Amino acid sequence: MTQRAWDRPWCASFNVENLEQKVEVVGWIRRRRDLGGLVFVDLRDRTGIVQLVFETEMLSYGEKLSPEDVVRVEGTIRRRAEGQANPDLPTGEIEIRVSGCEVLTSAETPPFVVEDDTNASEELRLKHRALDLRRPKMVSNLILRHRVVAEARRFFDEMEFLEVETPILTRSTPEGARDFLVPSRVHKGEFYALPQSPQLFKQMLQVAGVGRYVQIARCFRDEDLRADRQPEFTQIDVEASFITEEDIFFLIERLFGCIFPMVGIDPPETFPRLSYAECMERFGSDRPDTRFGLELVELGPQCEGCGFRVLESAAEEGRVKGILLPGGADYSRKQLDGLAEFVKPYGAAGVLWFKLTADGVGSPAKKALGEDGCRRFLEAAGAGEGDLLLVVGAPERVVFAALGALRVHLAGERDLIPKDRHDFLWVTDFPLLEHSPDDDRYFAMHHPFTAPLPEDEALMESDPGVVRARAYDVVMDGVELGGGSIRIHSAQLQRQMFAALGIDAAEADERFGFLLEAFRYGVPPHGGIALGLDRMIMLMAGRDSIRDVIAFPKTTSASCLLTEAPSGVDEDQLKELGLKV
RNA sequence: GGGGUCGUAGUUCAGCUGGUUAGAACGCCGGCCUGUCACGCCGGAGGUCGCGAGUUCGAGUCUCGUCGGCCCCGCCA
């Protein structure tokens, strides 16, 4: 029998090549099928299941087993009876005739059935995560994640990157997401912050001459959650010296070429590149899903003097664009009202629609525009009979947000997204700065160390809003997988950047002084990228929630149902920290 | 911070315009069964309708509040 635990076979490791072997297996009872004089039991571990057979003198042992009991059994591998093989199971041709059985622990009835098609709510699954993680789908997500990380480490090692750990207890650097703060006991009234990303440290490492840095890094942001956003998440964090955008693109394209084939996705050797401006104009999004059409069409010129005041003023003061939905003329009034509602959270007043049918044009704007006026819009969009044109007129950022979201919504509703297609692309030439109307100042769109495009540098002072950045995102199927930039390494340029951001020398020194100081002693040109590991695994596993690929995720209210974190603490603990609540 | 939606046996749900004993399926318990793999058949137990107020003769159902899950907007350099 087995000598070492490490040599003991996994449940799903058996097949017809093991016939007649005496084996010992351990695992959890998945299901019992008691036929009276014969009991079948499925035994499960993380690799899968194997069927145990209890008969004759072992019958009484089998009868006592219930789901999730932990057992060790001995037995002999044998071929299943003629015609009794289960083709759905890797171990379906064999079974273990049990000759010895020890219940290591018996389990209470679980709150839900531990199987892939469990109908347990996510809330219940999170409360009983250990049970949930026994489900084959969840196990396979954990395994996939492990393999991706292992492959990424192998890849970066081969590319001569150095993995360096950066601090979890670090310094708050506002401008960005809200920080998680950790009170200091030694320095009462002062706080550490958990890193939103290892940004400053990885740049320090370039000054240090590491040259090529990588880290599978946990990051923390105290912002509201979403299906694809958790307060702590993992990045594949990359930074390198003496490189350009082209080197980063090459690196990541190579990396994806190693990773995505694990799930049967073959990325192209090089990814298409689209400028930020083009993305916004064509897709209304800086992370476009290019797997389907429905591109935005320009309708500004058609609005001019069209006679419909609403459109005229929208075109003058903002933008008017539309989406042509081929065959969409079958949308009912109710569905169209639904689309108008859909668009409202993005700031649009509604959606103006035009239908082209055999009977002519249908539109709420027909009265104002007339049949011919409506046709001008339909023609501009290239509409044919049976098509639907949806139009939004509003300030530019609203038009993009509303139509960008509507486009994805329509594609889902009409099932226009090819299942087996996956699109990768680079989005480039992001704006360097973003104007905030509320604060009437500029914020760094990426972060304050992002370099401007050389040809735009001259505009830093005169017209900072139009300066483009040496920043890039990698996008897959409409999901932002990561982003990065070439950094500023010139003190002069950095001063200009701070000036544009309204950060004076004293403030810059207080916030980032340690990095700026390091830069004075020989900073190499450098740049990098950070990839969202959780999202990447989510896409690879074909899930639509990041929680399914994180072992112990938090709920949308940022609590952990398993540990009930966050929780109150003792008065003593607070006192030691000099805190009052 | 805002909007939407859900909360009823262990679980997933049904429960109409407020009405008498709150149902189903799966699971669980007991019995029968030697080739099942969602085993089958027979029987049984199991409910503070999230919590708290209110309206009403009467509330799972209506109203308000509150807690929790999920989705979205804002936010996320």
Side-chain angles (χ1 to χ4, degrees), chain A residues 30-43 49-56 59 62-63 66-68 80-89 91-92 95 97 108-128 131 173-179 196-197 199-200 219-231 233 341-348 398 401-402 405 409 430 432-434 436 438 442-450 469 471 480 483-485 497 501 503 511-512 530 532 544-545 547 554-557 559 561 564:
Chain A
R30 178 226 202 189
R31 198 184 272 277
R32 192 186 65 209
R33 293 175 294 277
D34 187 343
L35 275 64
L38 181 67
V39 178
F40 295 103
V41 171
D42 291 336
L43 187 70
I49 62 173
V50 64
Q51 174 166 282
L52 309 177
V53 187
F54 293 79
E55 52 189 357
T56 61
L59 200 55
E63 285 168 342
S66 50
E68 307 314 318
R80 291 196 186 183
E82 189 67 28
Q84 294 298 328
N86 183 345
D88 299 330
L89 227 51
T91 58
E95 61 194 9
R97 189 196 183 277
E108 287 178 29
T109 303
F112 58 90
V113 183
V114 181
E115 283 174 18
D116 274 344
D117 54 0
T118 182
N119 49 13
S121 68
E122 187 171 15
E123 187 175 3
L124 193 71
R125 288 170 45 211
L126 289 174
K127 246 175 214 150
H128 303 278
L131 286 175
T173 53
E175 184 124 0
R178 203 174 285 120
D179 283 319
Q196 296 176 27
S197 95
Q199 184 60 39
L200 302 180
C219 303
F220 306 85
R221 292 176 191 177
D222 190 5
E223 298 293 345
D224 286 351
L225 290 85
R226 286 284 197 288
D228 62 350
R229 220 194 283 161
Q230 285 273 308
F233 59 98
E341 284 306 310
F342 174 85
V343 121
K344 281 181 182 167
Y346 301 93
V398 170
H409 176 75
F430 280 84
L432 183 68
L433 303 164
E434 208 174 9
S436 159
D438 293 346
Y442 286 100
F443 283 85
M445 194 154 176
H446 190 55
H447 63 62
F449 304 102
T450 299
E480 178 195 330
S485 64
M497 180 69 173
L501 293 171
I503 299 174
R511 287 191 192 173
F512 317 110
D544 42 23
S545 166
R547 293 184 296 270
K554 298 192 171 45
T555 67
T556 48
S557 65
S559 50
L561 294 179
E564 296 185 325

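Small disclaimer: the values here were computed from a predicted structure and weren't measured. Sequence lines set the chain letters: A, B, ... in the order given, protein chains first and strands last, and positions in each chain run from 1.
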Side chain [X], main chain [Y], donor-acceptor under 3.5 Å:
X	Y	result
Thr91(A)	Ile49(A)	yes
Thr450(A)	His447(A)	yes
Glu223(A)	Arg178(A)	yes
Arg80(A)	Glu95(A)	no
Arg32(A)	Glu63(A)	yes
Gln230(A)	Lys554(A)	yes

Looking only at N and O atoms, is any donor in the side chain of [X] or the base of [N] less than 3.5 Å from an acceptor on the other one?
X	N	value
Arg30(A)	C37(B)	no
Glu223(A)	G74(B)	no
Arg229(A)	C76(B)	yes
Arg32(A)	C37(B)	no

Between [atom2] of [N] and [atom1] of [X], the distance in whole Å:
X	N	atom1	atom2	value
Leu561(A)	G68(B)	CG	P	10 Å
Glu123(A)	G69(B)	CD	P	7 Å
Arg80(A)	C39(B)	CZ	P	13 Å
Asp88(A)	C37(B)	CG	P	12 Å
His409(A)	C73(B)	NE2	P	13 Å
Arg97(A)	U36(B)	CZ	C1'	16 Å
Phe342(A)	G3(B)	CZ	C1'	14 Å
Glu82(A)	U36(B)	CD	C1'	16 Å

OP1 or OP2 of [N] under 4.0 Å from side-chain N/O of [X]:
X	N	answer
Arg33(A)	U36(B)	no
Thr556(A)	G69(B)	no
Arg31(A)	C26(B)	no
Gln84(A)	U36(B)	yes
Ser545(A)	C70(B)	no

What integer number of Å spans the [atom1] atoms of [N] and [M]?
N	M	atom1	answer
G18(B)	C70(B)	P	33 Å
C49(B)	C62(B)	P	16 Å
U48(B)	C57(B)	C1'	23 Å
C6(B)	G44(B)	C1'	33 Å
U61(B)	U8(B)	C1'	11 Å
C42(B)	C26(B)	P	11 Å
C64(B)	A45(B)	P	40 Å
U34(B)	G15(B)	P	43 Å

Whom does [N] pair with, Watson-Crick or G-U wobble, provided both distances fall under 3.5 Å?
N	answer
C37(B)	none
G27(B)	none
C62(B)	G54(B)
U17(B)	none
G68(B)	C6(B)
U48(B)	none
C75(B)	none

| Run the salt bridge (charged side-chain N to carboxylate O under 4.0 Å, His left out) check on Arg229(A) and Asp224(A) step by step: do they pass? | CA-CA 8 Å; Arg229(A) 220 194 283 161; Asp224(A) 286 351; over 6 Å; no
Under 4.0 Å, counting only non-hydrogen atoms across every strand here, what does [X] touch: a base, just sugar-phosphate, or nothing?
X	value
Glu95(A)	base
Arg125(A)	nothing
Glu115(A)	nothing

| request: Mind checking the CG-CZ spacing from Asp179(A) to Arg221(A)? Nearest 0.5 Å is all I need. | output: 10.5 Å
| task | Map Val113(A) and Ala85(A) onto RNA chain B by nearest heavy atom, then report which one ends up closer to the 5' terminus. | result | Val113(A)
| field | Given RNA chain B, 5'-ward residue of the pair Arg226(A) and Ser559(A), judged by closest heavy atom | value | Ser559(A)
Nearest to side-chain heavy atoms of [X], which nucleotide of [options]:
X	options	value
Ser557(A)	C33(B), G69(B), C70(B)	G69(B)
Asn86(A)	C37(B), U36(B), C73(B)	C37(B)
Leu126(A)	C28(B), G35(B), C70(B)	C70(B)

| task | State, to 0.1 Å, how close Leu501(A) and Pro448(A) come at their nearest heavy-atom pair, and which atoms those are. | result | CD1-CB, 3.7 Å
| field | Base-contact (B) and sugar-phosphate-only (S) positions in nucleotides 5-13 of chain B, heavy-atom cut-off under 4.0 Å, - elsewhere | value | -----SSS-
| said: Quick test of your reading of the model: are Lys344(A) and Glu341(A) salt-bridged, counting only N-O distances below 4.0 Å? | reply: yes
| request: Take the angle between the ring planes of His409(A) and Phe342(A) and call it parallel below 30°, perpendicular above 60°, tilted in between. | output: parallel
